[in-house]
Visitor: 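Handing you a structure now.
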Amino acid sequence: MTSPNSGNSFAIIIPARFASSRYPGKPLVRLAGATGEERSLIRRSWDCAMGVPGAAGVWVATDDDRIAAEVESFGGQVVMTSPDCANGTERCAEAIATLGPVADVVVNLQGDAPLSPAGVVPALVERLSADPEAIMATPAVRASRTVYEHLVQDQAEGRVGGTTAVIDGRGRALYFSKRVLPYLPAEAAAREFPPVHLHLGLYAYRRAALERYVAAPPCELELLEGLEQLRFLDLGLPVSVVTLDPLSWDAIELNNPGDKPVIERILKARGIA
């Protein structure tokens, strides 16, 4: 089945690993929803993916038997990958090589972003159709004041929080950083929606993009920032950014233990069981 507004079929891969340096075992962390029911982070990421219309299939790509067992317990599909994958993009590349030609476009839905808006995935696929030079598309949303303050607080206290995106006038990525970019003077920082774009953890790749990515070694900026998408920019490959209107909720990722109660509050506020 294809996206209703695009000529490209797409499949969703959710990369998940147990041995996170910042938050070991993160995919199995339990998050309470509106009814008080606790579901694992990977289950909530799966639920998010299953809410996307038009996907040809959804798989969790992991190298860990504990994560695989959790996914299979709720009826999800798993594709096992090597523990040598350095990041989610490499894991997606290996997964799709195993699965074969299941779709024209591969969507990487990060396993720590259960609050991602489902409607953005078809928008990414459509952007690739509209921007044939772009090898990958990814979304960013204008940060609300509370999201901006959350990012600044994480930075001030030495925690690695969300990622910001700097975008040019053509809608192409100039840079991604775990610092809050750009620098804002006090007046701009005080706005209801400061001029900072929060990168959301989704990527839509052409199959050729994954092949070029894994054929290249990690670049210095990628290693310093810990951001896999910087390898595309280092290779001079155009990355198209779909900018979203401000969301009615804060799309916080689970990056640190302190993010858990924040995400649970949003799940409850949105009525997500």
Side-chain angles (χ1 to χ4, degrees), residues 1-16 42-62 68 71-72 74-82 85 87-141 171-173 199-216 228-229 231-232 235 237-244 251:
M1 185 163 51
T2 60
S3 169
N5 299 310
S6 171
N8 291 325
S9 62
F10 67 94
I12 299 175
I13 306 292
I14 306 172
I42 193 63
R43 170 67 186 275
R44 293 200 175 277
S45 297
W46 175 271
D47 291 344
C48 180
M50 293 302 290
V52 175
V58 179
W59 289 266
V60 172
T62 187
V71 174
E72 289 168 351
F74 57 74
Q77 298 186 105
V78 178
V79 55
M80 299 303 293
T81 52
S82 167
C85 293
N87 55 51
T89 299
E90 290 187 7
R91 202 169 299 283
C92 285
E94 184 175 323
I96 207 67
T98 299
L99 293 170
V102 293
D104 302 320
V105 172
V106 180
V107 175
N108 174 346
L109 181 67
Q110 301 279 20
D112 57 6
L115 298 173
S116 299
V120 73
V121 172
L124 294 178
V125 178
E126 290 160 14
R127 174 61 67 86
L128 286 180
S129 292
D131 188 355
E133 293 181 356
I135 200 162
M136 187 260 278
T138 192
V141 63
R172 299 273 180 82
H199 178 239
L200 300 184
L202 295 87
Y203 306 97
Y205 321 95
R206 303 185 195 279
R207 293 177 64 92
L210 293 173
E211 293 168 1
R212 294 189 66 175
Y213 188 90
V214 296
E228 63 209 79
Q229 65 268 37
R231 194 183 310 180
F232 289 105
L235 291 169
L237 300 174
V239 172
S240 192
V241 181
V242 174
T243 53
L244 306 177

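Each residue takes its place number in the sequence, starting with 1.
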Visitor: Does any part of the side chain of Leu128, heavy atoms only, come nearer than 4.5 Å to the side chain of Val125, both counted from C-beta?
Guide: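 Counting from C-beta outward, Val125 and Leu128 never come under 4.5 Å.
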
Visitor: Got Asp104 and Phe10 here, is their nearest side-chain heavy-atom distance under 4.5 Å?
Guide: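 Not touching, per the 4.5 Å side-chain cut-off.
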
Visitor: Report yes if the side chains of Val106 and Ile13 come closer than 4.5 Å at any heavy-atom pair, otherwise no.
Guide: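 Side chain of Val106 against side chain of Ile13, heavy atoms only: contact under 4.5 Å found.
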
Visitor: Tell me whether the count of non-hydrogen atoms from other residues, nucleotides or ligands lying under 6.0 Å of CZ in Arg172 goes above 12.
Guide: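 Check passes, neighbour count above 12.
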
Visitor: Atom CD of Gln229 and atom CG of Asn87: how far apart are they, to the nearest 0.5 Å?
Guide: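 CG of Asn87 is found 9.0 Å from CD of Gln229.
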
Visitor: Check for a donor-acceptor pair, side chain of Arg127 on one end and backbone N or O of Pro122 on the other, with a separation under 3.5 Å.
Guide: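 Such a contact is absent between Arg127 side chain and Pro122 backbone.
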
Visitor: What are the two closest heavy atoms between Val79 and Ala95, and how far apart are they?
Guide: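 Closest approach of Val79 to Ala95, heavy atoms only: CG1-CB, 3.6 Å.
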
Visitor: If you look at every heavy atom in Thr81 and Glu94, which pair is closest and at what distance?
Guide: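 Taking every non-hydrogen atom into account, CA-OE2, 3.2 Å.
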
Visitor: Taking atom types as modelled and ignoring hydrogens, do the side chains of Thr89 and Glu228 form a donor-acceptor contact shorter than 3.5 angstrom?
Guide: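 A pair is found: one side chain offers a donor N or O, the other an acceptor, under 3.5 Å apart.
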
Visitor: Between Thr138 and Leu200, which heavy-atom pair has the shortest distance, and what is it?
Guide: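 Closest pair (atom of Thr138, atom of Leu200, distance): OG1-O, 3.9 Å.
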
Visitor: Kindly give the heavy-atom pair with the smallest separation between Thr62 and Ala68, and that separation in Å.
Guide: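 Taking every non-hydrogen atom into account, CG2-N, 4.1 Å.
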
Visitor: Specify the closest pair of heavy atoms between Ile14 and Ser45, including all atoms of both residues, with the distance to one decimal.
Guide: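 Taking Ile14 first and Ser45 second, the nearest heavy atoms are CD1-O, 3.8 Å.
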
Visitor: Could you measure the distance from the SG atom of Cys48 to the CG atom of Leu202? Nearest 0.5 Å is fine.
Guide: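 So the SG of Cys48 and the CG of Leu202 are separated by 7.0 Å.
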
Visitor: Report yes or no: do Glu90 and Tyr213 form a side-chain donor-acceptor pair below 3.5 Å?
Guide: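 Judged by distance alone, the side chains do not pair up.
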
Visitor: Quick check: closest heavy atoms across Ala93 and Val214, and the distance to 0.1 Å?
Guide: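 That would be CB-CG1, 3.5 Å.
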
Visitor: If the plane angle is over 60° it's perpendicular, under 30° parallel, otherwise tilted; pick one for Tyr205 and Tyr203.
Guide: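 Geometry flag for Tyr203 against Tyr205: parallel rings.
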
